[in-house]
Structure formats: structure tokens, C-alpha cells
Amino acid sequence: MTDFSISKRTLIKTAGAGLVTSVLPTWRRAEAATGSFDLIVVGAGTAGMPAAIFAAERGAKVLVIEKSPVLGGTLDRSGGQMSASRTVFQKRKGIEDSPDAHFADNMRINSWTADPLVTRMFVDNAGESLNWLAANGFEVGEDHPVKGAGHEYFTTARYQWGKDGGKSILATMEPLFRKQMDAKRITLLLNTGAVDLVQDKSGRVVGVTAEDESGKLTDYMGKNVALASGGCASNPRMYQDLHGVSLTSQIAYPYSQGAGFTLGLAAGGYLRGGQNYIGSFGGILADDNYPSTVEGSFEHHPEIRQPWEIFVNARGERFMREDHPSIDYREKALSRQSGQRAWVVADQEMMDKAPTWVPRWGKEKVMGSFGTHPMFTKADTLNALANKAGINPAGLAASIAAYNRSISEGATDAFGKLSRPAKYGKGPFYALRITATQLKSFAGLGIDEQLRVIRADGSPIAGLYAAGEVIGGGVTGGGAYTNGSMVTPAISFGRMIGQKMIKVGA
Ligand SMILES: Cc1cc2nc3c(=O)[nH]c(=O)nc-3n(C[C@H](O)[C@H](O)[C@H](O)COP(=O)(O)OP(=O)(O)OC[C@H]3O[C@@H](n4cnc5c(N)ncnc54)[C@H](O)[C@@H]3O)c2cc1C
């Protein structure tokens, strides 16, 4: 696992000003340099594959270095939900749309926390990416495009995905990639990780040092290097350093270790965007060994299940309107709580009468989890429940008393909760701990409008590009789960690096 605490900047500073610089200590340098490529792509995933395909289709000699044994990266698990205007999918439904409208919707949903310049590039190029996929056989659901699903909705239907989510995108791109391999324009190295960038005296990136399975290091020389190695949402230490929160859950691709962050930093780049962090709502973790498996999700969408219960934090205090219609509101509220956690609390009547907490599990499994699952607690009294679950007992008692009093008096709920079918009555009492979960990094490398990795002063590092989650999810999605704001720009920006508009060799 990458140890972010090792300062590669320190290493590079002490490396002296040789002909080429490296963040690797001298005993770790490759013995020989090999090949000369127009483009070296680090990572054969969502962004890396189109970068390689488009460059190779234009005659470039491309090397793709991939740490895992397979192509596709996060597409193996991603929902693959994409957003774009002026697509063939919109056209066949007669939907009028524009990049301007997409931009406005995107920025509205994330309250202008995304980077407007990069978002503009994302929306301006999204349609072409979808149309490229469509021209190569990609198909979406019959009712697509839609306005949204699961998160805040667009005002226009521009959101779609394939029947197998991210895998449908991979199935479309893989034959194009393999065709270029057959034509000897793409060389693919699997089970090989980029561990360093080679820079010349001027700071220009001129190659990549890669380590194969046997531990052998090789320097691959190239005119341009594209970092497309994903984010760091499988690296707890780095995630915490960059976002200021624990990585509670293991959802991301296991190879999302943040290697590109370290490589970009060492070459002189900088990281930004961690402040945009927001977790997903309702996760039921397997245990407290972070990052933990997510075993299920509490059904918190009020349009599916109106909450009878209140939610409290570790102090036993309510902190949100439990039936708020905005998922963005709910996600932000939970993410701000100590430990990013809260408890759903119910009495026996609620457990008997309210719809089950986890529809996918069914009532029987939910009830069977009390006493067997660490996130589920049951006790005869509220005081005992609080003590067992780890909630402040006095705070919980006060919150329940205030909630009951407000219903008795016919007063408006303190948080505006409208769904109040019952007061809390007799025990036993029940609690479920829910925790904010993470599937992507929000922080990433700073880039310019040509997708070049930049220094903190805005100057580009010659020869070094980046696309995908390595530039940070917050840059196009902001501090929200903005529809399709990861996969769509990853494909577009990868494509743009590969295209001649960003001239190979420039
Ligand atoms: C469960 C889940 C659902 C999601 N759903 C959506 C969605 O519906 N819509 C959306 O927009 N976003 C979604 N996302 C986010 C989105 O899928 C990702 O942000 C995006 O796919 C990342 O693309 P990437 O190219 O940056 O990284 P990846 O696709 O992960 O590719 C990076 C590649 O680099 C390789 N690599 C890593 N380190 C090295 C190294 N040192 N050397 C060489 N190779 C290396 C990895 O093995 C990997 O193959 C989802 C994410 C998850 C986890």
C-alpha cells in the first residue's frame, strides 16, 4: 500500500540536478531505459483506455502500464451512469438540451463547488463521448435518458447507463483497445505498476519507471505521459490525509491506491479538492475495522419509506430532518457528525408497524440481526440501549422526550419532520448504526484547460497529463454526488488526451 507519509518531494529535492531526476532512491533506479513512445498511459481503466485508443487510432505509439491483471479499472463495479447533452440518445427521444443547460444544472446541484472551468470542459465534450460509445455499439436503458436516479435530479433528461453499468462501457471500449494492440500501436503491460516519473533537467516528464511482478524496474521513455491511475479510495491513510475523514468503507477498486497522486506530486504538481468531501448516506458496515465492507443500506429515501424514527448522533442529539426530500441534505448532515455516524432509534411499536429498515434484507433478517450484528442493538430500556450502542444516554432521553412532547402538543417538529406516525412508547428499544461511506476521492491533481498537470503556481509540467479520478472527483462533481460527473469526464478527458487536439509530442 502506498505510504503517503513518505515525502517524495523531499526525495526529489535531495536527488540533486542530474540529467534526469527521479523520486526513487538511487538503489531503486531502473538499470536500463527501454522503448520510446509517443504516449505512456498509466492505468488501463475508465480514462486510460480511451486515451490509449484515441492516440493509437491517430498513429501514435502508445504504452499502457497497468498495475492489475486486467483491463477496465473501476468499470468492473461502477454504475457507469453518464450525463451528456446533444447525444443520439436524447435525439431519438426528441429531447432539446445544450452544454449550457448541463453546466447550469451541474453547478446548481453542487452549489458551485465544482471547478467551473473543468466542468465547462466536461459538459462541452460529454455529448461527443456518449456518441462515440453509441457509434461503437453502446446501448442504454429503454427509458433513458432520465433526469436522475438516487441523487438530485437534473431539470432535463440527460442521464443514462448501460444494462450492466460500468461493465457495458468496458465491453464497448475493449474491442477498440485490442484492435490497436493487434495493430501493434498499443503495447499493454499488465501486472506492472508505475512507481516513478522520469524528468529531464528542465523538469519535463520524459518517461515512467515501472515495476513488474518480479520487482524488476524498467524506465520506459515517452514524449508524453498521461496519469490515469484512479483515485485513492482504497488507501485509508492517504484518504484521511487528503479529505480529513476516515475511509470507513471498502467500495472502490482495490488498486485505487493514489499512486498517481504521489507521482504527480513528486513531479511538481499539487493536490486540491479534499474539502469537497461528502459521504454516502445509510451504510450498514460489517464491523469497525475500517475500511469495512458495506453489508447493506438503511432505506432513507422518504419517497420509498417514510421514516417513523428519529436519527441521533453520538451525543444522542437529533441533527437533521429525517424525511428531508433532498439526498444531498441527508448526505451532508450525516457526513458532518462525529465519526460520520448516527443511529436510527425505534421502539417496539415502530418495529412492528413501520416498513422494514432494509427492504433488500426483509423484516426477518433485520430482526435476526439484533444480538448478532455489531451495528444492530436492542435493549429493554432507552438508557440500556444508549449504553450498549455507544450513544450518550442523557442526550438520547432528552431527544426522545422532546420529540414526544412536540407530537403531544401538536407543535411543529424542531427539525421540520413531517412523518410522525407515532410517539416513542414502550420497549424494547432498537438502534441501527449507520455510517457515511465512500466510493471515490474528491481530492486530486491540479490541471489546466489542456489537461496538463500543473504546479501550485499554475505553470504546466511539460509532458504530463492527467484524466479520471486522479484529477479529483470534486473538480467536476463538487461537494455533491452530481449525476455522471465522474465516468463521463473520465472518458472525455482520456479521449481528449489521446486526440490530436492535445497534440502528441507538443
Ligand atoms: C461502486 C461504484 C459506483 C460508481 N458509480 C458511478 C456512476 O454511476 N457514475 C459516475 O460518474 N461515477 C461512478 N463512480 C465513480 C467512477 O466509476 C470512477 O471515478 C471512475 O471510473 C474512475 O476512472 P479512472 O480512470 O480514474 O480510474 P479506474 O477506472 O479505476 O482506472 C485506473 C486504473 O489504473 C490502475 N493503476 C492504479 N495504480 C497504478 C499504477 N501505479 N501503475 C499502473 N496502473 C495503475 C488501476 O489498476 C486501474 O486499472 C462509481 C464508483 C464506484 C466505486
Side-chain angles (χ1 to χ4, degrees), residues 1-2 40-52 63-84 106 122 126 129 148-151 159-162 164-170 173 188-197 208-212 220 225-235 238 249-264 280 283 294 437-442 444-445 466-477 481-495 497:
M1 205 169 274
T2 309
I40 300 177
V41 181
V42 179
T46 320
M49 288 182 74
L63 175 69
V64 179
I65 298 172
E66 169 54 50
K67 174 103 172 145
S68 83
V70 293
L71 287 173
T74 302
L75 290 176
D76 79 339
R77 66 199 58 208
S78 175
Q81 299 179 322
M82 294 177 283
S83 55
N106 203 84
F122 151 36
S129 296
H151 285 98
Y159 196 39
Q160 56 263 296
W161 52 96
D164 291 328
K167 290 192 183 79
S168 299
I169 302 171
L170 176 59
M173 294 200 295
L188 172 65
L189 300 176
L190 293 174
N191 299 304
T192 304
V195 292
D196 197 7
L197 297 176
V208 176
T209 306
E211 185 171 26
D212 69 13
Y220 295 95
V225 173
L227 296 175
S229 48
C232 70
S234 287
N235 183 336
M238 190 188 280
S249 45
Q250 179 54 64
I251 303 175
Y253 195 52
Y255 292 87
S256 299
Q257 294 291 335
F261 294 179
T262 319
L263 293 173
S280 297
V294 184
T437 58
Q438 304 82 17
L439 54 74
K440 67 175 181 181
S441 312
F442 290 76
L445 291 170
E469 216 174 297
V470 76
I471 67 169
V475 77
T476 44
Y481 288 94
T482 313
N483 302 322
S485 62
M486 299 298 296
V487 167
T488 331
I491 293 174
S492 295
F493 294 171
R495 172 173 67 76
I497 288 173

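Both ligands and their constituent atoms are indexed starting at 1 by order of listing. Everything numeric in this text was worked out from a predicted model, so none of it was measured. We number each residue from 1, following the sequence as shown.
- Using a 4.0 Å cutoff on heavy atoms, Arg77 counts as a contact of ligand 1.
- Those atoms of ligand 1 with a heavy atom of Thr192 less than 4.0 angstrom away are 43 (C).
- Nearest protein heavy-atom neighbour of atom 9 (N) of ligand 1: Gln81 O, 3.0 Å.
- Nearest protein neighbour of atom 29 (O) of ligand 1, counting heavy atoms only, is Thr46 OG1, 2.7 Å.
- Under 3.5 Å, the side chains of Gln257 and Ser234 contain no donor-acceptor pair of N or O atoms.
- Contacts between Ala210 and ligand 1, counted as non-hydrogen atom pairs separated by less than 4.0 Å, are absent for every part of the residue.
- Checked by atom type and distance alone, the side chain of Thr209 never pairs as donor or acceptor with a backbone atom of Leu197 at under 3.5 Å.
- For the pair Leu188 and Leu71, the minimum side-chain heavy-atom distance is below 4.5 Å.
- Of all the heavy atoms of Ala259, the ones lying under 4.0 Å from any atom of ligand 1 belong exclusively to the side chain.
- For ligand 1, the atoms lying closer than 4.0 Å to a non-hydrogen atom of Tyr255 are 37 (C), 38 (N), 46 (C), 47 (O).
- Distances from atom 26 (O) of ligand 1 to the heavy atoms of Met49, Lys440, Glu469, Gln438 put Glu469 nearest.
- Within 6.0 Å of NZ in Lys67 there are 12 or fewer heavy atoms belonging to other residues, nucleotides or ligands.
- Closest to atom 12 (N) of ligand 1 among all protein heavy atoms lies Met486 CB, 3.2 Å.
- The closest protein non-hydrogen atom to atom 27 (O) of ligand 1 is Gly230 CA, 3.4 Å.
- Every atom of ligand 1 with a heavy atom of Ile65 under 4.0 Å away is listed here by number and element: 43 (C), 44 (N).
- Contact atoms of ligand 1 toward Gly193: 42 (N) (distance under 4.0 Å to a heavy atom of the residue).
- At least one N or O atom of Val487 sits closer than 3.5 Å to an N or O atom of ligand 1.
- Nearest non-hydrogen protein atom to atom 31 (O) of ligand 1 is Gly45 CA, 3.3 Å.
- Although no hydrogens or angles enter the test, the distance criterion places a donor-acceptor pair under 3.5 Å between the side chain of Ser441 and the main chain of Cys232.
- Scanning both residues, Ala194 and Leu263, for their nearest heavy atoms gives CB-CD1, 3.9 Å.
- Remark: side-chain polar atoms of Arg77 are paired, donor with acceptor, to backbone N or O of Ala252 under 3.5 angstrom.
- Remark: distances from the non-hydrogen atoms of Glu66 to ligand 1 include one below 4.0 Å.
- Each of the atoms 11 (O) of ligand 1 lies under 4.0 Å from some heavy atom of Ser485.
- Among all heavy-atom pairs drawn from Ile497 and Ala467, the shortest one is CD1-CB, 3.8 Å.
- Here the straight-line distance linking atom CG of Asp164 with atom CG of Asp76 works out to 12.5 Å at 0.5 Å rounding.
- Of the protein's non-hydrogen atoms, the one nearest atom 14 (N) of ligand 1 is Ser78 OG, 3.7 Å.
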TODO: May I have the step-by-step check of side-chain hydrogen bond (donor to acceptor under 3.5 Å, both in side chains) for Thr192 and Glu211, ending in yes or no?
DONE: CA-CA 6 Å; Thr192 304; Glu211 185 171 26; over 6 Å; no
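- When only interatomic distances are considered, the shortest N/O to N/O separation between Val70 and ligand 1 does not fall below 3.5 Å.
- With a heavy-atom cut-off of 4.0 Å, Ala233 does not touch ligand 1 at all.
- When only non-hydrogen protein atoms are considered, atom 53 (C) of ligand 1 lies nearest to Leu439 O, 3.6 Å.
- Close approach of ligand 1 to Gly468 is summarised as follows: ligand atoms under 4.0 Å from at least one heavy atom of the residue are 26 (O).
- Shown in contact with Gly79 at under 4.0 Å from a heavy atom are these atoms of ligand 1, numbered in order with element: 3 (C), 4 (C), 5 (N), 6 (C), 8 (O).
- Nearest protein heavy-atom contact of atom 44 (N) of ligand 1 is Lys67 N, 3.1 Å.
- Not a single donor-acceptor pair under 3.5 Å links the side chain of Glu66 to the backbone N or O of Asn191.
- For the residue pair Ser249 and Val294, the shortest heavy atom distance occurs at CB-CG2, 3.5 Å.
- The nearest pair of heavy atoms linking Gln81 to Val487 is O-CB, 4.2 Å.
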- [ ] Test Thr476 against Ser485 for side-chain hydrogen bond (donor to acceptor under 3.5 Å, both in side chains), laying out the working first.
- [x] CA-CA 6 Å; Thr476 44; Ser485 62; 4.7 Å; no
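- Under a 4.0 Å criterion applied to the non-hydrogen atoms of Tyr253, ligand 1 contributes the atoms 46 (C), 47 (O), 48 (C), 49 (O).
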